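Shown next, in structure tokens, is the structure this report addresses.
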Amino acid sequence: MSRYKVPRGTFDILPDQSYKWQFVINAFREVARGFNYREIITPIFEKSGIFERSVGETSDIVEKEMYKFEDKKGRIFALRPEGTAPVVRSFIENGLMLKPNSSKLYYLGPMFRYDRPQKGRYRQFYQYGIENIGTMNPYADAEVIAFAYMFLSKLGLKNFVLQINNIGCKNCAKDYDNALKEYFKPNLDALCSDCRKRLEKNPKRVLDCKVKSCKEIARDAPSMLDYLDDDCRANFEKVQEYLNAMEIPYIVNPKIVRGLDYYSQTAFEFVDTNLGAQNTLIGGGRYDTLAEQLGGKNMPGIGFAGGFERLLLSMEEEKLPFGLQQKPKVYLVSLGDEARIAGIKIIMELRENGISTEFDPDKTSMNAQMKAANKTGTEFALILGENELIKNKIILKDLGNGEQKVINISDIIMSIKDK
RNA sequence: GUGGGUGUAGUUCAACGGUAGAGCACCGGAUUGUGGUUCCGGGCGUUGUGGGUUCAAAUCCCAUCAUCCACCCCA
């Protein structure tokens, strides 16, 4: 019988790590409160059609990375590979457009993609994201970006850059795709085999190919910015105006492309400058046709998503603090059977009063219990032996400075709460 | 899906094809009523798994699984 291990591309978050996750999640929730985004929690699996229709049948995510399965009645589901489509599905299904204070949503949770694992990329990974649904106003674009910026800044991160672009709407994006095809056609043979495929499927992808020869050819390719129609251009300018007003630094990078089909207009990425190959901390953009694709009314939206794993890698890289690990405040040291029973009563009372207390029934000697108290990192030891018990007293020892005093058992909670 | 590196104790790593070891961590004791330092004691672990070569394999070969890095993709 072989020992079981975590599935490939997944991992356990152990206690010495989980406090970091809690720290980052709490920070995210605080920023959400500041921007008045409220949490939405959707199922971890959906009808697979939701993703096929929105993310795109030809996207890598749908084509080869989805965990699809059939249930007992033959329905085809998928473990969600991303968070936006489910949120929009729920938004439509529950008529949130009609409910007050419900258009700005955030979510947290695991996503699943069958990809080859590497640094910063896992098969089950944890995303945080926000969606602002129902407005075309470019202020919403800027606010979503500001949210992301404030979140990263709040954690203390410095080694990142914000890149923004406008990839056009369904009208002008086509013109641009055609222009790109025209531009690359004479150089077709010089492009890598991937790029030749990309040129058919998604010509914009050729622009950020990493192959040297492709890069050189792409250097003088037409820029999306020259093909934007009036609306898109105006929108892009407004977004930048708002970002400037918010004093959020950014660079315009006409080469950033989002990989999911539903994106249009504003696209942006927060890229870490000293992570490995998987260095996109947060990616987001506008999706003005997504709701329609999912069978709802024509309804615009904008949002972003980020991965916690990369966030933690980045914070560790910058040696940023994650707050304190959980530790009990008090350790009970009891000696003898009677004192043990009395001690158990005491720790129950302490816990009821919100004082976190530890006790190890396997250790009986004073030495072993004191060592354990020290190792656990508690502030105080409460020492109760027969001598004290007879007098209704207990010893309260401060493990920081070694000072100890004898107090009445009835005064324990008061004495500890004072500190 | 492609390429390269790596799999030995909880962990970090040793061991020219010839008896599997050390640091850290952990547990106990010195101190049967006082922690951190110190000292003493405590290691049979499917050498990832399965085959093969060999008198002999942790070591060489093949496969497989896992992991890391990169491509790709993206968070």
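The structure displayed is predicted, hence computed values, not measured ones.
- Map A/Gly400 and A/Gly385 each onto its nearest nucleotide of RNA chain B; the residue landing nearer the 5' end is A/Gly385.
- A gap of 26 Å separates the C1' atoms of B/rC55 and B/rU49, to the nearest Å.
- Nucleotide B/rU34 holds its P atom 12 Å from the CG atom of A/Asn387, rounded to whole Å.
- The existence of a salt bridge linking A/Asp115 and A/Arg121 is confirmed by a sub-4.0 Å separation between a basic side-chain nitrogen and an acidic carboxylate oxygen.
- Residue-level contact check: A/Gly377 touches neither bases nor backbone, having no heavy atom under 4.0 Å from any strand.
- For the C1' atoms, the distance from B/rU31 to B/rG36 is 15 Å, rounded to whole Å.
- Sorted by first and then second residue, the side chain to side chain donor-acceptor pair (under 3.5 Å) pairs with a member in residues 383-392 of chain A form an empty list; sequence neighbours excluded.
- Distances shorter than 4.0 Å separate none of the side-chain N or O atoms of A/Arg8 from OP1 or OP2 on B/rC65.
- Contacts of A/Glu131 classified as salt bridge (Lys or Arg N to Asp or Glu O under 4.0 Å), with partners at least two apart in sequence or in another chain: none.
- For the pair A/Lys5 NZ and B/rG7 P, the computed distance is 14 Å after rounding to whole Å.
- Remark: A/Asn235 engages no residue in a side-chain hydrogen bond (donor to acceptor under 3.5 Å, both in side chains) (not counting sequence neighbours).
- When the C1' atom of B/rG35 is taken as reference, atom CE of A/Met370 falls 4 Å away, rounded to whole Å.
- Atom CD in A/Gln404 sits roughly 7 Å away from atom C1' in B/rU34 (whole-Å rounding).
- B/rU11 atom C1' lies 14 Å from atom CD of A/Gln17, rounded to whole Å.
- If you measure from atom CG of A/Asp16 to atom P of B/rG10, you get 17 Å, rounded to the nearest angstrom.
- With hydrogens and angles ignored, no donor-acceptor pair under 3.5 angstrom links the side chain of A/Gln369 to the base of B/rG33.
- Not counting sequence neighbours, the partners of A/Glu93 by the salt bridge (Lys or Arg N to Asp or Glu O under 4.0 Å) test are A/Arg89.
- Under the salt bridge (Lys or Arg N to Asp or Glu O under 4.0 Å) criterion, A/Glu316 pairs with A/Lys20, not counting sequence neighbours.
- Note: OH (A/Tyr331) to P (B/rG33) measures 16 Å, nearest angstrom.
- Under the side-chain hydrogen bond (donor to acceptor under 3.5 Å, both in side chains) criterion, A/Gln22 pairs with no residue, sequence neighbours left out.
- The side-chain hydrogen bond (donor to acceptor under 3.5 Å, both in side chains) search around A/Lys397 returns none, not counting sequence neighbours.
- In this structure, A/Asp360 pairs ionically with A/Lys363, as a charged nitrogen and a carboxylate oxygen lie closer than 4.0 Å.
- B/rU59 sits 11 Å from B/rG18 when the P atoms are compared, rounded to a whole Å.
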*Which string of ( ) [ ] | and . matches RNA chain B, if you list each base 5' to 3' and count Watson-Crick or G-U pairs only when both distances are under 3.5 Å?*
(((((((..((((....[..)))).(((((.......))))).....(((((..]....))))))))))))....

Dump the pairs, protein N or O against N or O of nucleotides 23-31 of chain B, anything under 3.5 Å, distances to one decimal.
residue, atom, partner, partner atom, Å
B/rC27, OP2, A/Lys375, NZ, 2.8

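- In this view, A/Tyr107 satisfies the ring pair (Phe, Tyr, Trp, His ring centres under 6.0 Å) rule with no residue, not counting sequence neighbours.
- Nucleotides B/rA63 and B/rG23, compared at atom P, are 38 Å apart to the nearest Å.
- Per the geometry, CG belonging to A/Leu332 stands 17 Å off P belonging to B/rU34, to the nearest Å.
- Among the heavy atoms of the strands, none lies under 4.0 Å from A/Glu63.
- For the P atoms, the distance from B/rU67 to B/rU32 is 50 Å, rounded to whole Å.
- Looking at A/Arg33 and A/Glu30, no side-chain N of the basic residue comes within less than 4.0 Å of a carboxylate O on the acidic one, giving no salt bridge.
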*Can you give one letter per nucleotide of nucleotides 70-75 of chain B, going 5' to 3': B for a protein heavy atom under 4.0 Å from the base, S for sugar-phosphate only, - for none?*
BBBBBB

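- Shown here are the ring pair (Phe, Tyr, Trp, His ring centres under 6.0 Å) partners of A/Phe147, two or more places apart in sequence or in another chain: A/Phe28, A/Phe35, A/Tyr37, A/Phe304.
- Straight-line distance between the C1' atoms of B/rG21 and B/rA9: roughly 10 Å, to the nearest whole Å.
- The same atom, P, is picked in B/rU19 and in B/rA15; the two are 14 Å apart, to the nearest Å.
- When all heavy atoms of A/Asn165 and A/Ile256 are compared, the closest pair comes out as ND2-O, 3.0 Å.
- Comparing the same atom, C1', in B/rG10 and in B/rU2 gives a spacing of 35 Å after rounding to whole Å.
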